[in-house]
A.B. asks: 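Below is one structure. I have some questions about it.
The structure presented is a predicted model; accordingly, all values stated were derived computationally and were not measured. So that the names make sense, note that chain A is the first sequence line, chain B the second, and so on, each numbered from 1.
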Amino acid sequence: MINITLPDGSVKQVTKGNTALDIARQISEGFARNVLAAKVNGKVVNATQPIEQDAELQLLTWNDQEGKATLWHSSAHLMAEAIELLYPSVKFGIGPNIENGFYYDIDFGDYDISEKDFPKIEKKILELAREKQQFVRKEVSKADALAYFKQKGDEYKLELIEDLEDGEITFYESGHFTDLCRGPHIPNTGFIKAVKLMKVAGAYWRGDESRKQLTRIYGITFPKNKELTEYLELLEEAKKRDHRVLGKELELFTFSQNVGLGLPLWLPKGAQLRELLEQYLKKVQKAAGYQPVITPHIGNVNLYKTSGHYQKYGEESFKTIKTPVEGEEFFLKPMNCPHHCEIYKSSPHSYKELPIRYAEFGTVYRYEQSGELHGLTRVRGFTQDDAHIFCTPDQIKTEFNSVIDIIEKIFTALDFNDVIIQISLRDADHLEKYIGSDENWEKAEKAITEVAKERHLNTITKYGEAAFYGPKMDFIVRDAIGRKWQLGTIQVDYNLPERFDLAYVGADNEKHRPVMIHRAPFGSMERFVAVLIEHCAGNFPLWLTPTQAIILPISEKYTAYAKKVLNLLTNLDVRAEIDDRNEKTGRKIRDAEMKKIPYMLIVGEKEEDSEAVSVRKHKEGDTGVMSIEAFAEKVNNEVNDLMNIN
RNA sequence: GCCAGCAUAGCUCAGUUGGCCAGAGCAGCUGAUUUGUAAUCAGCCGGUCGGGGGUUCGAAUCCCUCUGCUGGCUCCA
């Protein structure tokens, strides 16, 4: 007998060699039917694997993320089996589970697979699922593994096996399909009850642009049909939040082929919203000791040769601008930092002045690959809420902390609570990608990790994600359909001060090198507004919404009074407009509701007589009559409450 | 840049196996109505069916090509 400790702390005595599934059956038959995998001593394994000694055991079902992951991983195998039966000449790359479902990278040879093939494949998958095929684990030697895929003619698997150690290679066999796989898997394919193939996409083999492109098929499966329906409904809902859809509906921004790809045009309402965000940040920054600076959109190409940006990105950027002077070239600025370095250099600095914080809403231009452009989140011309802090090495931590304060303040004010904080460090295997001395890199990386630790930030660390000049801390937020976008960023940089030969005179009367911190709490105004739109589904907080109130006169008889109300509200700092169309009140209300305007002010005979407005709140309805001044005060109080979050 | 799909009026979409002057709703304009908490009625305007080339007696529909958009891949200072 062995002792099995369950998550609730209870200990169960079972016969040695029992599987997790056996133990589940002892708890209840019904429960056992939902067990997809098991976690033994913290490691996810097959539920069918015998347990040979005392262990902690967690039975994983669809309610556990790891249970879902196991089902989806097995689903990738099942899809591969279905595809191999339908298209026998295919070769397989890799087929992992992902956040929502799974994919398999497949070489279809000459066959052009498209979404038209999906129904056929889905049908086959369900057919095979109903066979309740067992997933059988097999340990194989490297030689046997290579021999198997050699006779099968699958060069991708061969390449994967080459990188593996003999003795650690396992195959999984289910039905007619055998795959190189570490596992674990669900007990049998019968758990898969609903399947939806989502999309086909090209994907380079091993993520390498220079290698062959395979066809990636994304899919998702569920243990119940109802769950699939719910998932698809969720996706439909998310689509309505898409900032490209709302941006059009709410008249915030547009694009024009005549202007160019990835070059957004801000409409009056969008510009209004963006200006309010900028004003808010300017206020916060002023209080934090930032000084505004302004620099031009272009700079001499030599400036970017000094900074290193030209060598790194010049070839894949907008080409330089030539002038009538032979040999003179200008570069559209891709970054504001070189300009700010020159501002720093315009006068000598004492340690007493530091830190110096230059802030600028600087518009930059980057030639992003055409396939990468996406609404406002990935564009070719955008405005960074940029600032560069020049400080002594001793001041890094304090400054870094005060930047995090600003970012947290903004994210709180806008109710962004699902934020991933990522620390991006160098990739130790490719140090040639980075500029600057090892010593400086280590200092900078240490500063960031220490601050994160001291503040108890919930961070993830990614190696190889650093900028080429320094490590960074990024604040990442999800959009409506779960895609992740980097918003705020803080980067420590020892390199530009070196390249620009920046200096300050220390207390010892010697010259010292300052450290630079690049930081942008919003990241880019374009991307931030995009994510904001999706975050609040177009229902902007009162302090940001372009139109706070719309005045709806009952009939044309009351237009004069409506105008009077508008004047008063405007003078009292309320952003209002009038709907004086010759329409019925119900209609005007409906339109205002759809435009997501927070307050509707209905005015007719009653209101005109008493110098009042009837207040209807968006999504809530009639809230009663109040005087114009009282309404303005209410709005202003609400705005101040929202903006003064500490 | 690569793979796949899509492109019909300002917007959302119909348009059968190629076949009468290409349709609807919304928006816009004009008129009637003078409206009280989510759509008043009527009329009008609006499209070289993304651009170019081809097949055909005949193309929105089939083929080629370019451009743009969408979803991925790669990239993201």
A.B. asks: Sugar-phosphate atoms are those with a prime plus P, OP1 and OP2; base atoms are the rest. Using that split, label each nucleotide of nucleotides 38-51 of chain B B, S or - for protein heavy atoms under 4.0 Å, 5' to 3'.
C.D. replies: BBB-----------
A.B. asks: With side chain to side chain donor-acceptor pair (under 3.5 Å) as the rule and sequence neighbours excluded, what pairs involving residues 550-565 of chain A come up?
C.D. replies: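 Side chain to side chain donor-acceptor pair (under 3.5 Å) check on residues 550-565 of chain A returns A/Lys564-A/Glu611.
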A.B. asks: Kindly write out the residues that satisfy side-chain contact (heavy atoms from CB on, under 4.5 Å) with A/Asn440, not counting sequence neighbours, or none if the list is empty.
C.D. replies: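 A/Asn440: side-chain contact (heavy atoms from CB on, under 4.5 Å) contacts with A/Ser437, A/Lys443, A/Tyr494, A/Glu498.
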A.B. asks: Under a 4.0 Å heavy-atom cut-off, which of residues 548-559 of chain A touch RNA chain B?
C.D. replies: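 Going residue by residue through residues 548-559 of chain A, the ones with a heavy atom under 4.0 Å of RNA chain B turn out to be A/Ile554, A/Ser555, A/Glu556, A/Lys557.
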A.B. asks: Of all residues at least two apart in sequence or in a different chain, which pass the side-chain hydrogen bond (donor to acceptor under 3.5 Å, both in side chains) check with A/Trp205?
C.D. replies: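 Here the qualifying residues are A/Glu159.
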A.B. asks: As a test of reading the structure: which of B/rG5, B/rG36, B/rC2 is closest to the side chain of A/Gln213, going by heavy atoms?
C.D. replies: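 Minimum distance to the A/Gln213 side chain belongs to B/rC2.
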A.B. asks: Distance between the C1' atoms of B/rU65 and B/rA7, in whole angstroms?
C.D. replies: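 These two C1' atoms come out 15 Å apart once rounded.
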A.B. asks: Does A/Arg380 qualify as a cation-pi partner of A/Tyr365, given the criterion of NZ or CZ under 6.0 Å from the six-membered ring centre and within 45 degrees of its axis?
C.D. replies: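 Ring-cation test returns no.
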A.B. asks: Let's see if you get this right: which residues in residues 305-314 of chain A place a heavy atom under 4.0 Å from RNA chain B?
C.D. replies: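 Under 4.0 Å from RNA chain B: A/His309, A/Tyr313.
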A.B. asks: Kindly express the pairing pattern of RNA chain B in dot-bracket notation, using | wherever a base pairs with another strand and counting only Watson-Crick or G-U pairs under 3.5 Å.
C.D. replies: (((((((..((((.....[...)))).(((((.......))))).....(((((..]....))))))))))))....
A.B. asks: Using side-chain hydrogen bond (donor to acceptor under 3.5 Å, both in side chains) as the criterion, list what pairs up with A/Glu251, not counting sequence neighbours.
C.D. replies: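 A/Glu251: no side-chain hydrogen bond (donor to acceptor under 3.5 Å, both in side chains) contacts found.
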A.B. asks: Which residues satisfy the side-chain hydrogen bond (donor to acceptor under 3.5 Å, both in side chains) test with A/Ser210, sequence neighbours excluded?
C.D. replies: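 A/Ser210 satisfies side-chain hydrogen bond (donor to acceptor under 3.5 Å, both in side chains) with A/Asp208 only.
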A.B. asks: Hey, can you pull the residues of residues 101-109 of chain A with a non-hydrogen atom under 4.0 angstrom from RNA chain B?
C.D. replies: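 Correct list: empty, so none.
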A.B. asks: Whether A/Asp474 and A/Lys462 form a salt bridge (side-chain N of Lys/Arg under 4.0 Å from carboxylate O of Asp/Glu) is what I want to check.
C.D. replies: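 The answer is no: the pair does not qualify as a salt bridge.
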A.B. asks: What pairs of residues pass the salt bridge (Lys or Arg N to Asp or Glu O under 4.0 Å) test when at least one of them lies in residues 89-106 of chain A, not counting sequence neighbours?
C.D. replies: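 Residue pairs passing salt bridge (Lys or Arg N to Asp or Glu O under 4.0 Å), neighbours aside: A/Lys91-A/Glu155, A/Glu99-A/Arg478, A/Asp105-A/Arg216.
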A.B. asks: Filter on side chain to side chain donor-acceptor pair (under 3.5 Å), then keep only pairs touching residues 310-321 of chain A, sequence neighbours left out; what's left?
C.D. replies: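 Output for this query lists A/Thr320-A/Glu329.
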